[in-house]
Amino acid sequence: MDKSVSVPATQPRRRPARPQRRFPLLPAAALLLPVLILATNAWADWQAHWRASAAEMIRTADAGAEYASRVLAGYVLALGRIGDLVRGMSDAEITAREAELHAGMRRVLSELPRAEAAFVVDRNGYPLLGANIFPIPRAVPTAADRSFFLALSGPNPPALHVSEVYRNKFDGVPFFALSRRRAQTGNGIADGEFDGLINISVLPDALGEGMRYLLREADDALTLNTAEGRVIGRTGGLPDVPDRGARPMAGGVERELLPDVISVVDGQRQMLARRRLEGFPLIVAARRPHAAIARAWLQDQVPALLFGLLTTTALFLLSLQVHRAQARLDLALGESEDWLRRTTEGAGVGAWECRGESGEIVASRQFHRLLGLVPVRTPVDRPQMLALMSPEGQDEWADGLAAARRTGHACFELPILRPCRGLPPERAWLAVEAQCPEPGGDETADVFGIAYDITPRRAAEARAALLLRRMVEQQEEERLRIARDLHDRLGQHLTLLHLELSGLAADPAPAARLARLHAIARALSGEAHRLAIEIRPTAIDDLGLETALRQLVEDWGTRTGIESEIHMRLPGARLPLPVETTLYRILQEALTNVLKHAGATRVSIVLDRSRHALRMVVEDDGRGMPGRRDPAAPQALGLRGIAERLTMLGGSLEIESAPGRGTTLLIEVPL
């Protein structure tokens with residue numbers, strides 16, 4: 001496709017100007033593309049680390065919840081055993097049997113290694129029995145101000161209460177308590193009324209030490225929180241500010257993931273997964289700081305970054321070499337395009353490419369000139385292209401492109417209406433050769449090719465055809481004159497001969513001779529009539545083409561004895577006289593060929609007229625013709641005469657034949 005400015009053929013060839021220096025796209029791409037790939041890979045790896053951390057936190061929270069549930073279930077079981085130990089006893093009986101009951105509680109507590117103490121408290125908050133203190137001091141209430149005492153002594157007490165973290169008043173050790181009301185006491189208190197409680201003090205640090213083995217990374221942590229968000233156990237020890245609570249979980253939610261929250265322990269941004277304990281008003285939370293996730297991500301990225309930097313540097317240096325080579329290639333390509341453009345323009349050849357999906361024509365400047373358009377770089381769209389063609393030209397263009405897409409190559413002649421400044425459009429002809437790189441019939445395939453002007457050649461052919469047509473018309477006029485003379489003069493003499501011979505009929509002697517004379521006269525009359533029809537069929541002028549052809553076929557079938565039929569569909573007005581005469585002569589020649597060479601028993605003729613053409617089919621059941629025919633053979637000479645007559649009308653002839661399968665002539669005449 002030519003891109004440079006047109007140079008007149010009279011000017012000497014000049015070296016094309018050096019292309020303007022362009023921005024080095026390839027080196028820039030070689031530098032930016034790896035950076036983009038590294039950034040994309042880093043972002044994808046960050047997302048993968050984030051998703052992996054979230055999955056690990058959820059699994060850690062589930063494991064911590066399972067561990068805490070098993071441990072706390074043991075505490076609940078121990079509460080039940082202590083309750084059974086003092087069931088049915090009054091406060092006085094418990095005090096009286098303190099030593100015995102203390103030993104029993106010590107045995108129960110010894111089976112709970114992570115428990116710090118156990119107490120039985122009366123309804124006023126005074127301790128009645130302790131598992132780790134004997135004898136227990138009873139002068140000062142130790143539980144009246146505790147949250148578990150207030151919750152269990154009030155209305156609507158929970159079946160099991162988990163307190164916040166306290167420090168033991170006896171030894172200062174931090175603990176949280178699992179507490180429940182005493183049941184079936186011997187103090188005479190009605191069922192359902194508060195009559196003291198039983199609790200077990202759990203060591204948070206010991207519980208956190210047990211959960212530490214569930215962690216996956218060094219920076220991870222597990223915490224045990226109350227439903228209100230108070231931290232009561234943690235793998236790294238209790239926080240410095242135990243009264244600082246986390247956001248409570250919404251009701252009905254068993255598990256949740258919080259990607260970005262502030263730690264209630266150290267104030268860091270963290271990922272948090274929380275799981276509610278089944279059967280306990282507690283929540284286990286697994287935590288991983290954002291800084292730990294970023295640190296692990298950076299450790300994975302260091303090898304990729306080192307490799308990416310080395311690769312980027314190598315690609316950048318290589319692209320610089322390619323860019324320099326591309327610049328030299330562009331210069332050589334510019335020279336080649338300049339030479340090709342001047343060569344094609346000097347030869348009058350225009351190049352074009354039809355884009356299948358849009359139908360746009362991307363063409364050279366010479367192709368624009370052939371169409372009569374101003375040479376521009378913009379494509380010629382489909383409506384603009386079709387506007388330059390007549391209806392038959394549009395059909396030729398569509399058929400040519402379809403043939404190229406089907407077979408890979410097509411040649412056709414395209415009629416166009418070439419615009420002229422200030423004048424009506426000029427009818428012109430282009431010879432077009434089309435190529436399709438991927439043949440197969442795909443309607444969206446691209447087609448490219450060349451075109452050149454054949455208008456002068458077509459004009460010369462038209463003038464030659466006009467002269468030939470005039471010559472044939474003159475011949476037909478001469479034949480008409482001869483036919484009329486034969487009919488008028490020879491017919492008159494024969495009629496007089498009949499009259500004279502009829503006068504001799506009264507003479508009986510020469511009867512036999514007179515009969516022979518009558519027979520000869522009738523034969524002369526018939527022969528003269530037949531000769532007049534063959535020289536010029538007057539039925540065409542008098543009755544029209546359809547009647548003349550039908551009469552020709554009927555007379556031929558009667559004379560030869562070959563079964564024949566003709567079917568015609570010729571609506572509309574009369575055809576031009578040269579067309580009607582030529583069709584008549586062609587059918588005469590075709591029937592003569594059948595009689596002389598085909599050896600047929602049946603002949604069928606079909607004549608049909610469409611909007612733009614008239615088609616005739618002559619088919620016989622004779623011996624057919626071989627694939628290679630001798631041009632000098634009699635039947636070949638007859639077919640050549642038919643083809644020559646069609647050439648004068650711009651028509652075409654196709655022959656379908658095989659040995660033993662008859663012959664079919666396909667004749668088409670444009671209208």
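Note that the numbering runs from 1 along the sequence shown for the chain.
Between Phe148 and Phe176, a ring centre-to-centre spacing not shorter than 6.0 Å is recorded.
Under 4.0 Å is where a charged nitrogen must lie from a carboxylate oxygen, and between Asp220 and Arg288 at least one such pair does. Glu217 has no carboxylate O lying under 4.0 Å from a charged side-chain N of Arg295, or vice versa, which leaves the two without a salt bridge. Salt bridge absent: Glu111 and Arg107 never bring a charged side-chain N and a carboxylate O closer than 4.0 Å.
Side chain of Arg106 to backbone of Ala131: a donor-acceptor contact under 3.5 angstrom is found. Of the possible polar contacts, one joining the Trp297 side chain to the Ala42 backbone as a donor-acceptor pair under 3.5 Å is found. With Arg405 contributing its side chain and Ala445 its backbone, the two residues share a donor-acceptor pair below 3.5 Å. Side-chain atoms of Ser163 come within 3.5 Å of backbone atoms of Ala177 as a donor-acceptor pair (strictly under, hydrogens ignored). The backbone N or O of Leu129 sits nowhere less than 3.5 Å from a side-chain atom of His102 that would complete a donor-acceptor pair. Looking only at distances, a side-chain donor or acceptor of Tyr166 sits under 3.5 Å from a matching main-chain atom of Ser147. Looking at Thr235, its side chain does come within 3.5 Å of a backbone N or O of Leu222 through a donor-acceptor pair. In this structure, the side chain of Glu93 engages the main chain of Ser90 through a donor-acceptor pair within 3.5 Å. No side-chain donor-acceptor contact under 3.5 Å links His161 to the backbone of Arg181. At distances below 3.5 Å, not a single donor-acceptor pair connects side-chain atoms of Asp91 with backbone N or O atoms of Asn187.
Rounding to the nearest 0.5 angstrom, the gap separating the OG1 atom in Thr95 from the CE atom in Met89 is 11.0 Å. Once rounded to the nearest 0.5 Å, the distance linking CE of Met249 with CD of Glu254 reads 7.0 Å. Interatomic distance, Asp62 CG to Ile58 CD1, rounded to the nearest 0.5 Å: 7.5 Å. A distance of 9.5 Å separates CG in Leu128 from CG in Leu197, rounded to the nearest 0.5 Å. Here CD of Gln270 is found 12.5 Å from OG of Ser53. Values are rounded to the nearest 0.5 Å. Distance check, rounded to the nearest 0.5 Å: CG of Asp446 to CG of Leu401 gives 11.0 Å.
Inter-residue side-chain proximity for Leu79 and Leu160 is flagged as met; some heavy-atom pair is nearer than 4.5 Å. Two residues are said to be in side-chain contact when any heavy atoms from C-beta on lie closer than 4.5 Å; Arg287 and Gln268 meet this criterion. Contact check for Val162 versus Ser179: no side-chain heavy atoms found under the 4.5 Å cut-off. Considering only heavy atoms from C-beta on, Met271 comes within 4.5 Å of Trp50 through its side chain. Residues Leu277 and Ser69 have side chains in contact (heavy-atom distance under 4.5 Å, counting atoms from C-beta outward). Put simply, the side chain of Leu272 does not reach to within 4.5 Å of the side chain of Met57, judged on heavy atoms. Residues Ile136 and Phe119 form a side-chain contact, since some pair of their non-hydrogen atoms from C-beta on lies under 4.5 Å apart. The side-chain heavy atoms of Phe367 and Val362, taken from C-beta on, include no pair separated by under 4.5 Å.
Looking at every heavy atom in both residues, Trp46 comes nearest to Ala294 through CZ3-CA, 3.7 Å. In terms of heavy-atom proximity, Leu224 sits nearest to Ala68 at CD1-CB, 4.3 Å. The heavy-atom pair separating Ala434 from Ala404 by the smallest distance is CB-CB, 3.8 Å. Nearest heavy atom pair, residue Thr226 against residue Leu282, reads CA-CD2, 3.9 Å. Of all non-hydrogen atoms in Leu150 and Ala144, the two that sit nearest each other are CD2-O, 3.6 Å. Heavy-atom minimum distance, Ile200 versus Ala78: CD1-CB, 3.5 Å.
Within a 6.0 Å radius of CG in Asp191, no more than 12 heavy atoms belonging to other residues, nucleotides or ligands are found. Within 6.0 Å of atom CD in Gln47, more than 12 heavy atoms from other residues, nucleotides or ligands are found, so the atom counts as buried in its surroundings.
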Residues Arg87, Asp84; criterion salt bridge (Lys or Arg N to Asp or Glu O under 4.0 Å); working and verdict:
CA-CA 5 Å; Arg87 188 180 302 278; Asp84 293 339; 2.8 Å; yes
Run the salt bridge (Lys or Arg N to Asp or Glu O under 4.0 Å) check on Arg123 and Asp195 step by step: do they pass?
CA-CA 5 Å; Arg123 60 180 174 273; Asp195 194 17; 2.9 Å; yes
Let's go through Ile262 and Arg269 carefully: what are the C-alpha distance in whole Å and the side-chain angles of both, what is the deciding distance for side chain to side chain contact (heavy atoms under 4.5 Å, CB included) to 0.1 Å, and is it a yes or a no?
CA-CA 5 Å; Ile262 303 298; Arg269 303 189 75 86; 3.7 Å; yes
Applying side chain to side chain contact (heavy atoms under 4.5 Å, CB included), run through Asn41 and Gln301 and close with a yes or a no.
CA-CA 9 Å; Asn41 180 69; Gln301 287 299 305; 4.2 Å; yes
Checking side chain to side chain contact (heavy atoms under 4.5 Å, CB included) for the pair Arg182/Ile94: CA distance, chi angles, key distance, verdict?
CA-CA 13 Å; Arg182 291 175 57 192; Ile94 293 174; 3.6 Å; yes
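Aromatic ring orientation, Phe194 versus Phe149: perpendicular (interplanar angle above 60°, classes split at 30° and 60°). The aromatic rings of Trp397 and Trp352 lie tilted to each other, with the angle between the two planes from 30° to 60°.
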